[in-house]
Amino acid sequence: MVRDILRRQRPEWQLVTPGLLLLCAFAVPAGMLLAGQGEPAFNGVDTMWQAYSFTLHSPFWDAVNAVLNWAGYVGVLIFHTVLAVALVVARRPMTSIFVAASGISALALTQLAKTVVGRSRPEGAKVLTDTGSYPSGHVSATTAFLMVLVVLIARWWMTAIATLGVIAMMISRTYLSAHWLSDVLGGACLAAGVVLLLWWRFRDICTEENAKAGGRTIWAAKASRPLQAEERAE
């Protein structure tokens with residue numbers, strides 16, 4: 001069973017290469033910000049997007065983005081914790097470690113980058129913010145959680161949901177004037193790269209652990225047990 005699962009997995013380079021490219025996509029703007037002392041070459045694009053975001057303001061979207069402001073950080077951290085605990089209960093401790101490591105690593109690297117880069121946030125933020133604008137912590141946390149679900153569930157619909165969720169959070173943070181456009185892009189690239197590289201290291205052991213627990217995929221474990229019993233009987 002494990003051998004069949006591993007045969008269907010993507011080659012390692014298909015995880016490592018995009019993971020490293022995403023981290024580079026995060027690091028290059030960070031280096032430009034440091035070199036340009038807050039005025040990088042892409043500052044004009046950031047300014048234009050911010051001006052456009054102001055034209056979208058309305059009471060309805062203010063309310064929607066207030067919810068996203070909570071969900072994108074506090075909410076996601078709660079969901080991440082619940083998922084990690086649920087996996088322990090489901091007898092998948094190594095997968096739980098992968099989930100926890102993904103969230104903690106993305107959060108720690110995001111806060112470190114905020115301190116090192118030291119970029120100022122846009123003026124007129126509609127929500128309380130901490131210091132350091134690059135990268136976005138809300139987008140980083142949201143991306144890390146949704147990317148974890150993507151690699152664990154491995155279904156096209158989860159990828160679609162995750163993509164929409166990350167885009168929604170990116171738009172929300174610029175709508176609220178909490179971040180520049182490059183901040184949210186950087187947060188997404190950082191978190192996605194971290195999760196892919198961690199999954200590269202954890203994938204085989206998590207797959208084997210899941211198979212021993214009786215599941216073809218983590219979420220289909222219960223449904224697959226009768227099928228496995230029939231296969232053994234034959």
Side-chain angles (χ1 to χ4, degrees), residues 5-34 40-42 45 72 76 79-80 83-84 87 94-114 116-117 134-171 173-174 179-210 216-219:
I5 293 173
L6 294 178
R7 190 182 297 123
R8 292 196 300 269
Q9 288 182 344
R10 294 181 177 182
E12 290 187 350
W13 68 266
Q14 292 189 12
L15 293 173
V16 176
T17 301
L20 292 176
L21 289 175
L22 285 165
L23 291 182
C24 287
F26 153 76
V28 169
M32 295 173 67
L33 284 166
L34 287 171
F42 49 81
V45 177
V76 163
F79 300 151
H80 223 123
L83 177 59
L87 286 167
M94 292 308 299
T95 309
S96 176
I97 291 174
F98 159 70
V99 170
S102 296
I104 293 171
S105 298
L107 179 62
L109 290 173
T110 296
Q111 295 303 318
L112 176 62
K114 285 175 176 287
V116 172
V117 175
Y134 186 90
S136 167
H138 278 68
V139 173
S140 179
T142 300
T143 302
F145 177 68
L146 292 176
M147 277 293 295
V148 163
L149 293 181
V150 166
V151 298
L152 293 183
I153 296 177
R155 296 290 187 272
W156 69 267
W157 52 264
M158 186 65 244
T159 302
I161 291 173
T163 300
L164 293 174
V166 172
I167 291 174
M169 188 56 60
M170 292 168 66
I171 294 174
R173 300 313 290 167
T174 55
H179 286 284
W180 304 101
L181 177 61
S182 54
D183 298 338
V184 298
L185 291 171
C189 289
L190 172 61
V194 166
V195 173
L196 285 177
L197 292 180
L198 282 173
W199 183 239
W200 165 55
R201 302 308 303 166
F202 276 87
R203 180 181 62 172
D204 289 351
I205 191 170
C206 288
T207 302
E208 184 172 354
E209 175 183 73
N210 187 62
R216 290 182 173 178
T217 66
I218 286 174
W219 308 106

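Note: hydrogens, waters and symmetry copies are ignored here, and every other heavy atom, side chains too, is used. Residue numbers start at 1 and run along the sequence shown.
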State whether the side chain of [X] and the backbone N or O of [Y] hold a donor-acceptor pair below 3.5 Å, judged by distance alone.
X: Thr142; Y: Gly72; result: yes
X: Thr17; Y: Gln14; result: no
X: His179; Y: Pro135; result: no
X: Ser140; Y: Ser136; result: no

Specify the closest pair of heavy atoms between [X] and [Y], including all atoms of both residues, with the distance to one decimal.
X: Thr143; Y: Ala192; answer: CG2-N, 3.8 Å
X: Val117; Y: Ala30; answer: CG2-CB, 4.0 Å
X: Tyr134; Y: Ala25; answer: OH-O, 4.3 Å
X: Leu190; Y: Thr110; answer: CD2-OG1, 3.5 Å
X: Leu181; Y: Val184; answer: O-CG2, 3.0 Å
X: Leu15; Y: Trp200; answer: CD1-CA, 3.9 Å

Measuring only between side-chain heavy atoms, which start at C-beta, is [X] closer than 4.5 Å to [Y]?
X: Trp180; Y: Val45; answer: no
X: Met169; Y: Val76; answer: no
X: Arg173; Y: Val139; answer: yes
X: Val194; Y: Leu22; answer: no
X: Leu109; Y: Phe26; answer: no
X: Phe79; Y: Leu146; answer: no
X: Phe98; Y: Ile205; answer: no
X: Leu149; Y: Ile161; answer: no

For this session: Determine the sole option in Val150, Thr163, Leu152 for which the side-chain contact (heavy atoms from CB on, under 4.5 Å) test with Met158 is passed.
Result: Val150

Could you give the distance from [atom1] ([X]) to [atom2] ([Y]), rounded to the nearest 0.5 Å?
X: Met94; Y: Glu209; atom1: CE; atom2: CD; result: 7.0 Å
X: Phe202; Y: Thr207; atom1: CZ; atom2: OG1; result: 12.5 Å
X: Ile104; Y: Leu198; atom1: CD1; atom2: CG; result: 10.5 Å
X: Glu208; Y: Asp204; atom1: CD; atom2: CG; result: 8.5 Å
X: Asn210; Y: Arg203; atom1: CG; atom2: CZ; result: 14.0 Å
X: Leu20; Y: Leu196; atom1: CG; atom2: CG; result: 9.5 Å

For this session: Go through the steps for Trp199 and Ser102 under the test side-chain contact (heavy atoms from CB on, under 4.5 Å), then give the verdict.
Result: CA-CA 9 Å; Trp199 183 239; Ser102 296; over 6 Å; no

For this session: Report, as yes or no, whether the 6.0 Å neighbourhood of atom CG on Leu164 holds more than 12 heavy atoms from other residues, nucleotides or ligands.
Result: yes

